[in-house]
Amino acid sequence: MENFVVAIDGPAGSGKSTIAKIIANRYNFIYLDTGAMYRMVAYYFIENNIDLKDEKNIQKLIENIELDVENNKFFLNGEDVSEKIRTPKVNSIVSSVSAIKKIRIKLVEQQRKIGFNKKIILDGRDIGTVVFPNADIKIFLIASPEERANRRYKEYIEKGIKEDYQKVFEDIKKRDYLDSTREESPLVKANDAIEIDTSSMTIDEVVENISKYIDKKFDNPNIYVGKINL
Ligand code: CDP
């Protein structure tokens, strides 16, 4: 098979990137974390004190900003910002940045270029609905807000980032709200996506579950996997 697209969408902290990385390794797919691209733009806004409502500056920014992804490292105008984009500060504005239409147009175009004719797994909010509506497999990962906040809180502790659990929880709820109610490509489950609630599943269980769908589709490219009885 020449090209194969797996789209993983879902709300903040539902486990998308953890799962996508493992699947990418297992099947030798490219992995693209599209959230990291929106995070890079949000980081640029913070570093350059750009007002979110400043239309003119946003147009200039779009022309001047260069985003590169190499081996899961993220480069903003040549600088490796992979760590710097995963802070509470970036979290606090990224949903407002990603709601800006001009920014989405630029990033979606780049995502489609990266994915063109490849075996690839992408995670985000609009992969199965907008970026690759014809993806071979569409997964919609969900988990309770409490569980998602727990996961994010643990990640921060591991990285030595100090943040209150309550604040993490509020951030997740706020981003859920902004991402699902925005006008441009809101976070919604595609009609043909397979929903998996990961609240009480281990990472391995989620990976095995998704792998079964991928294997079925490899065996029989014409079937709609959402209907398969596993
Ligand atoms: O890892 P986490 O789930 O916290 O978020 P992320 O995937 O890194 O995405 C960060 C933010 O980028 C989201 O809250 C969305 O506002 C935005 N995003 C988007 O609008 N579309 C995408 N395809 C991916 C992310």
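The basis for the numbers below is simple: all heavy atoms, side chains too, and nothing from hydrogens, waters or symmetry mates. First listed ligand is number 1; within each ligand, the first listed atom is number 1.
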Requested in this report: Step through the shown structure and confirm whether more than 12 heavy atoms of other residues, nucleotides or ligands are within 6.0 Å of CD on Glu70.
Outcome: no

**Report entry** Identity and distance of the protein heavy atom lying nearest atom 8 (O) of ligand 1
**Finding:** Arg39 NE, 2.6 Å

Report task. Describe, in one word, how the ring planes of Phe4 and Phe218 are oriented to each other, choosing from parallel (under 30°), tilted (30 to 60°) and perpendicular (over 60°). Result -> tilted

Report task. Could you tell me the separation between the CG atom of Leu107 and the CD atom of Gln110, rounded to the nearest 0.5 Å? Result -> 6.5 Å

Query raised in the report: Does an N or O from Gly13, backbone or side chain, lie closer than 3.5 Å to an N or O of ligand 1?
Result: yes

Report summary line: Atoms of ligand 1 under 4.0 Å from any heavy atom of Ser98, numbered from 1 in the order shown, are 15 (C), 16 (O), 17 (C), 20 (O)

Query raised in the report: What residues, two or more places apart in sequence or in another chain, satisfy salt bridge (charged side-chain N to carboxylate O under 4.0 Å, His left out) together with Arg125?
Result: Asp179

Query raised in the report: Is it true that Lys16 and Asp33 make a salt bridge, defined as a side-chain N closer than 4.0 Å to a carboxylate O?
Result: no

Query raised in the report: Just by distance, with hydrogens left out, do Tyr153 and Asp164 show a side-chain donor and acceptor under 3.5 Å apart?
Result: no

Report task. Answer side chain, backbone, both or neither: which part of Arg182 comes under 4.0 Å from ligand 1, heavy atoms only. Result -> side chain

**Report entry** ligand 1 to Arg86 polar contact by distance, N or O atoms, under 3.5 Å
**Finding:** no

Requested in this report: For atom 24 (C) of ligand 1, find the nearest protein heavy atom and state the residue, atom name and distance (0.1 Å precision).
Outcome: Thr34 OG1, 3.4 Å

Query - Asp204-Thr202 side chain donor-acceptor pair, cut-off 3.5 Å - result: no

Query raised in the report: N/O to N/O below 3.5 Å, does that happen between Asp33 and ligand 1?
Result: no

Query raised in the report: Looking only at heavy atoms, is any part of Arg104 under 4.0 Å from ligand 1, and if so is it the side chain, the backbone, or both, or is it neither?
Result: side chain

Report task. Would you mind listing which atoms of ligand 1 come within a distance below 4.0 Å of any non-hydrogen atom of Lys16? Result -> 3 (O)

Requested in this report: Check the surroundings of atom NZ in Lys162: do more than 12 heavy atoms from other residues, nucleotides or ligands lie under 6.0 Å from it?
Outcome: no

Query - Hydrophobic cluster identity match, Phe140 and Val5, side-chain contacts under 4.5 Å - result: no

Query raised in the report: Counting from 1, what ligand 1 atoms have a heavy atom of Gly124 closer than 4.0 Å?
Result: 22 (C), 23 (N), 24 (C)

Query raised in the report: Among all residues two or more places apart in sequence or in another chain, which pass the side chain to side chain donor-acceptor pair (under 3.5 Å) test with Arg26?
Result: Glu208, Ser211

Query raised in the report: Is a donor on one side and an acceptor on the other found under 3.5 Å between the side chain of Asn117 and the backbone of Asn3?
Result: no

Requested in this report: Return yes when Met37 approaches ligand 1 closer than 4.0 angstrom through a heavy atom, no otherwise.
Outcome: no

Report summary line: Within 4.0 Å of some non-hydrogen atom of Gly35, the atoms of ligand 1 are 6 (P), 7 (O), 8 (O), 9 (O), 24 (C), 25 (C)

Report task. List the closest protein heavy-atom neighbour of atom 1 (O) of ligand 1: residue, atom name, distance to the nearest 0.1 Å. Result -> Arg152 NH2, 3.3 Å

Query raised in the report: Does an N or O from Arg175, backbone or side chain, lie closer than 3.5 Å to an N or O of ligand 1?
Result: yes

Requested in this report: For atom 23 (N) of ligand 1, grab the closest protein heavy atom and report residue, atom and distance to one decimal in Å.
Outcome: Asp126 OD1, 2.8 Å

Report summary line: ligand 1 to Ser95, heavy atom cutoff 4.0 Å, flagged ligand atoms 14 (O), 16 (O)

**Report entry** Side-chain donor or acceptor of Asn57 paired with backbone N/O of Ile50 under 3.5 Å
**Finding:** no

Query - Polar proximity ligand 1 side, Tyr38 side, N/O cut 3.5 Å exclusive - result: no

Query - atom 7 (O) of ligand 1 - nearest protein heavy atom and its distance - result: Arg125 NH1, 3.1 Å

Report summary line: ligand 1 to Asp179, heavy atom cutoff 4.0 Å, flagged ligand atoms 13 (C), 14 (O), 15 (C), 16 (O)

